[in-house]
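Naming: A, B, ... by sequence-line order, numbering from 1 per chain.
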2 protein chains.
Amino acid sequence: MDAGPFPFDVYEDQCPTRMVLDRLADKWALLLMLRLADGPLRFNQLRRDVKGISQKVLSQTLKKLERDGLVTRTVYPTVPVTVEYALTPLAQTLREPVEALTRWAESHMDAVQAAQQAYDAGAAAR
Amino acid sequence: MDAGPFPFDVYEDQCPTRMVLDRLADKWALLLMLRLADGPLRFNQLRRDVKGISQKVLSQTLKKLERDGLVTRTVYPTVPVTVEYALTPLAQTLREPVEALTRWAESHMDAVQAAQQAYDAGAAAR
DNA sequence: CGGCATCCATACCGATACTG
DNA sequence: CAGTATCGGTATGGATGCCG
């Protein structure tokens, strides 16, 4: 049986790849990494830029990304304190795949929305 | 102001791209599309293949994918009924970006896990 | 076989208040 | 500025039972 093009079976539970994929399959994590791709940002700047994220979720997500080795957190002893978040080299290698995904979303969102409307129209007809 | 490399600002709330990205940022949706990339499958086959997914979530996710125009649902009037799910041409164009992401996960999961252990060790020290 | 309906636990998330 | 802590509503997901 063909287990796909991957050495590990991504469909298996407990597959390490799936755990990593799990983290990437996070709306805010993806958006934050995209935002940081252009350069380091401070906490509240990030909060303002990525609209709709709450301070709590921002904090939690950044901590996860830091734990995964995708983001560094640097504290500058100014008054008041300044904290800067930046992508690690590891995260830089992730940039292209993620941007490929957003490019797909950009160029196909109209097709998706058309499909949704057609689907909803069909559902409403019944 | 630079809104990034995209015509729409993906960081904006209500951005259509972000809505699409939202759907893609779904663990099960990604795994199901990967599984269907090799060819159409029936409901319970999909359920067995993608380990850990419950029948409820599988059903919900497939319905979302169908609504987004990414998956087709075909019913064959056999006894008992046979239902086959397949990727649409639209989803085919998504295949490469998604597989790029899984390839990244494959090749960098060890780095991620190492980062996690280092992070946890540092946290435990305090 | 391929679901849907229901119940229930818990995970999540926003709002708010407080701190170094 | 950059968080942590707590509370409460909501969404999510598993388990179970039933149906065409």
S.K.: In whole angstrom, what separates B:R47's CZ from D:dG13's P?
M.R.: 15 Å
S.K.: Check this for me: does any side-chain nitrogen of one of A:D9 and B:K51 sit under 4.0 Å from a carboxylate oxygen of the other?
M.R.: no
S.K.: Does D:dG14 have OP1 or OP2 sitting under 4.0 Å from an N or O in the side chain of B:S54?
M.R.: yes
S.K.: Assign each of A:V81 and A:Q60 to its nearest nucleotide of DNA chain C by heavy atoms, then name whichever residue's nucleotide is nearer the 5' end.
M.R.: A:Q60
S.K.: Closer than 4.0 Å, any side-chain N/O of B:R42 to the OP1 or OP2 of C:dG2?
M.R.: yes
S.K.: Would you mind reporting whether A:Y85 and A:L32 have side-chain heavy atoms less than 4.5 Å apart?
M.R.: no
S.K.: Does B:K27 come within less than 4.0 Å of A:D26, counting only side-chain N to carboxylate O?
M.R.: no
S.K.: To the nearest 10 degrees, what angle separates the axes at the start and end of the helix from C:dC1-D:dG20 to C:dG20-D:dC1, five pairs each?
M.R.: 50°
S.K.: In whole angstroms, how far is the P atom of D:dC1 from the CZ atom of A:R73?
M.R.: 15 Å
S.K.: So, does the side chain of B:Q55 form a donor-acceptor pair with the base of C:dC4 at under 3.5 Å?
M.R.: yes
S.K.: Rounded to the nearest Å, what distance is computed from the CD atom of residue A:Q45 to the P atom of nucleotide D:dA2?
M.R.: 9 Å
S.K.: Hydrogens and angles aside, do B:Q45 and B:R48 bring a side-chain donor and acceptor to less than 3.5 Å of each other?
M.R.: yes
S.K.: For A:Y85, report the nucleic acid contact type (base, sugar-phosphate, nothing); a contact means any heavy atom under 4.0 Å.
M.R.: sugar-phosphate
S.K.: With a 4.0 Å limit, can you tell me whether B:S59 has a side-chain N or O closer than that to the phosphate oxygens OP1/OP2 of C:dC4?
M.R.: yes
S.K.: Within this structure, what is the CZ-to-C1' distance between B:F43 and D:dC19, rounded to whole angstrom?
M.R.: 15 Å
S.K.: Measure the distance from CD1 on A:I53 to C1' on D:dA2 and round it to the nearest whole Å.
M.R.: 14 Å
S.K.: Find which nucleotide of DNA chain D each of A:E84 and A:K56 is nearest to by heavy atoms, and output the residue with the more 5' nucleotide.
M.R.: A:E84
S.K.: Given A:Q116, which partner from the list B:K64, B:R23, B:M19 fulfils the side chain to side chain contact (heavy atoms under 4.5 Å, CB included) test?
M.R.: B:R23
S.K.: When the distance from CG of A:L46 to P of D:dG3 is rounded to whole Å, what number comes out?
M.R.: 10 Å
S.K.: Can you measure B:N44 atom CG to C:dC4 atom C1' for me and round it to whole angstrom units?
M.R.: 14 Å
S.K.: Please round to the nearest 0.5 Å and tell me the distance separating atom CD of B:E84 and atom CG of B:L46.
M.R.: 11.0 Å
S.K.: Cut-off 3.5 Å, side chains only: do A:T17 and B:E106 have a donor facing an acceptor?
M.R.: yes
S.K.: Nearest nucleotide by nearest heavy atom, which residue falls closer to the 5' end of DNA chain C, B:R48 or B:K63?
M.R.: B:R48
S.K.: What is the distance, to the nearest angstrom, from the CG atom on A:D22 to the C1' atom on C:dC12?
M.R.: 15 Å
